[in-house]
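In what follows, a structure is listed as structure tokens, so that the remarks can point back to it.
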Amino acid sequence: MKIATWNVNSLRVRLPHLLDWLAAAQPDVACLQETKTEDANFPVAEIQAAGYQAVYCGQKSYNGVAILARSPLTEVQHGIPDFPDDPKRVIAATVNGVRILNLYAPNGQEPGSDKYAYKLRWYQGLTSWLRAHLHQQPHLAVLGDLNIAPEPRDVHNPKRWEGKIHFSEPERAAFREVLNVGVKDAFRLFDQPEKQFTWWDYRLKAFERGWGLRIDHILLSPALVPKCTACTIDLEPRKRERPSDHAPVVANLN
DNA sequence: ATGGCGCGCGCAGCGCGA
């Protein structure tokens, strides 16, 4: 089973890219973030024609998540239980016995801001939920735009980014707390080339210059780790005209 | 690297993302 995550930055604008990418990459499960689409406008027909079922929760302009799958999606859950928040950042479902958590973590704006405090609170809520959920669902995969670069090697210029949003120490600590629940970063299960990123600023030709961050992740529970045979970043969609600023991350599970 | 981009909304220019 191939599972993937991609922040599409508007599903409406990126639908042609998404359909081409589904055909090329052939994921069995695709978690999307920043759909920016109300449920009534979700492109169900196009997604079905591509061979996928979908569950989704979105809103106008901001946020929005969806899970696409070639097999039935069951036990669909919205939001983080016990975290009073409704900006359409979390959707979960079970596919082929694997519990899929699709997350769009808050951006955080900048350290010290209200949005930053909210991001850290959101991560506390996430960690508590994960701890409980992992006990109930041992075959658990967490995918999404987690908006944190966990280590210096996940940032093109760690000195430049130290203390900045996505790479501040409290954020990295929050990410470590997630890992401490018992999940592993699928990308780091394997030897990887240097300078592997999933997001590049639209400005200043950041993609061409390799100025990126690795902030989109796939985390696997202990039961899934031995089943994982590969985890890669797919740069092809980012090379297109009018791309999303994020690249998809893909993991193969036996 | 930091003004510089791209999105939605809605019809001008702003809020937001990362």
Side-chain angles (χ1 to χ4, degrees), chain A residues 5-18 21 31-43 56-66 85-90 102-123 126 143-172 174-175 187 194-217 233 235 237-249:
Chain A
T5 177
W6 189 16
N7 180 323
V8 292
N9 186 16
S10 172
L11 182 54
R12 187 182 63 82
V13 172
R14 228 66 65 192
L15 186 59
H17 292 209
L18 174 66
W21 173 73
C31 295
L32 310 180
Q33 303 87 36
E34 283 207 83
T35 55
K36 300 184 179 179
T37 304
E38 289 179 306
D39 292 348
N41 300 327
F42 196 87
Y56 40 86
C57 66
Q59 65 190 78
K60 201 184 280 189
S61 304
Y62 308 110
N63 313 316
V65 285
D85 186 38
D86 188 39
K88 313 300 185 192
R89 297 182 174 279
V90 177
N102 178 16
L103 310 177
Y104 174 49
N107 171 292
Q109 197 174 48
E110 63 176 334
S113 66
D114 289 348
K115 289 176 182 175
Y116 184 77
Y118 163 65
K119 181 177 192 173
L120 295 179
R121 277 203 313 280
W122 186 89
Y123 259 91
L126 170 66
L143 303 91
D145 176 358
L146 299 186
N147 264 324
I148 296 176
E151 298 178 53
R153 59 181 168 167
D154 300 315
V155 176
H156 71 94
N157 182 346
K159 264 188 202 162
R160 179 70 185 80
W161 279 89
E162 183 62 51
K164 299 291 194 298
I165 198 63
H166 309 299
F167 193 58
S168 67
E169 177 48 32
E171 288 169 280
R172 283 181 276 166
F175 195 92
F187 190 72
E194 289 186 1
K195 307 281 185 188
Q196 296 292 292
F197 308 122
T198 65
W199 172 85
W200 304 259
D201 200 306
Y202 283 120
R203 294 168 288 189
L204 302 174
K205 300 188 186 299
F207 180 67
E208 290 87 334
R209 290 170 163 166
W211 293 342
L213 305 177
R214 193 175 71 93
I215 55 176
D216 300 85
H217 303 288
I233 298 164
L235 298 178
R238 188 63 175 82
K239 297 175 181 171
R240 293 185 55 161
E241 292 292 316
R242 284 189 90 188
S244 166
D245 42 358
H246 294 253
V249 184

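So you know, we letter chains A, B, ... as the sequences are listed, proteins then strands, and number each from 1. Because the structure is a prediction, the values reported are computed rather than measured.
Residue Asp145(A) is in sugar-phosphate contact alone, with no base atom involved, counting any heavy-atom pair closer than 4.0 Å across all strands shown. When heavy atoms are screened at a 4.0 angstrom cut-off, Asn63(A) is found touching no nucleic acid atom at all. Using a 4.0 Å heavy-atom distance criterion, His246(A) is classed as a sugar-phosphate-only contact. Within the 4.0 angstrom heavy-atom criterion, only backbone atoms of the sugar-phosphate kind lie near Lys115(A); the bases stay farther away. Within the nucleic acid shown, Phe167(A) has no heavy atom closer than 4.0 Å to any nucleic acid atom.
Straight-line distance from the CG atom of Leu146(A) to the P atom of dA18(B): 11 Å, rounded to whole Å. Between the P atom of dC16(B) and the NZ atom of Lys119(A) lies a distance of 16 Å, rounded to the nearest Å. Atom pair Ile148(A):CD1 and dG17(B):P shows a separation of 15 Å (rounding to whole Å applied). The separation between Arg89(A) atom CZ and dA18(B) atom C1' is 12 Å, rounded to whole Å. Here dA1(B) presents its P atom at 12 Å from CZ of Phe197(A), a figure rounded to the nearest Å. In this structure, Asp216(A) places its CG atom 15 Å from P of dG17(B), rounding to the nearest Å. If you take CH2 of Trp199(A) and P of dG17(B), they are 13 Å apart, rounded to a whole angstrom. Atom CD1 of Ile165(A) and atom C1' of dG17(B) are 11 Å apart (whole Å).
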Legend entry - Sequence-aligned protein contact record of nucleotides 4-11 of chain B, with B where the base is within under 4.0 Å of a protein heavy atom and S where only the sugar-phosphate is: BBSSSS--
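In terms of modelled atom types and a separation under 3.5 Å, the side chain of His156(A) and the main chain of Phe197(A) share no donor-acceptor contact. In this structure, the side chain of Asn63(A) engages the main chain of Pro87(A) through a donor-acceptor pair within 3.5 Å. A distance-only check finds no donor-acceptor pair linking the side chain of Arg12(A) to the backbone of Asn41(A) [under 3.5 Å]. Panel note: side chain Arg89(A), backbone Tyr104(A); a donor-acceptor pair is recorded below 3.5 Å. Remark: side-chain polar atoms of Thr35(A) are not paired, donor with acceptor, to backbone N or O of Gly58(A) under 3.5 angstrom.
One finds a side-chain N or O of Tyr104(A) lying less than 4.0 angstrom from the OP1 or OP2 phosphate oxygen of dA18(B).
For the 3.5 Å distance criterion, the side chains of Thr37(A) and Tyr56(A) fail to qualify, holding no donor opposite an acceptor.
Only the P atoms considered, dG4(B) is 14 Å distant from dC14(B), to the nearest whole Å. Rounded to whole Å, the separation between the C1' atoms of dG8(B) and dA12(B) comes to 14 Å. dC16(B) and dG10(B) have their P atoms separated by 15 Å, with the value rounded to a whole Å. Between dC7(B) and dA18(B), the two P atoms lie 14 Å apart (nearest whole Å). Comparing the C1' positions of dG13(B) and dG3(B) gives a spacing of 16 Å, expressed to the nearest Å.
Pair assignment for dC11(B): none, as no Watson-Crick or G-U wobble contacts are both less than 3.5 Å. Under the Watson-Crick or G-U wobble criterion, with both distances below 3.5 Å, dG6(B) is paired with dC16(B).
A tilted orientation is assigned to the rings of Trp199(A) and His246(A), their planes being inclined by 30° to 60°.
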Inset, instruction - Give the intermediate values and the outcome of salt bridge (charged side-chain N to carboxylate O under 4.0 Å, His left out) for residues Lys164(A) and Glu171(A). - result: CA-CA 10 Å; Lys164(A) 299 291 194 298; Glu171(A) 288 169 280; over 6 Å; no
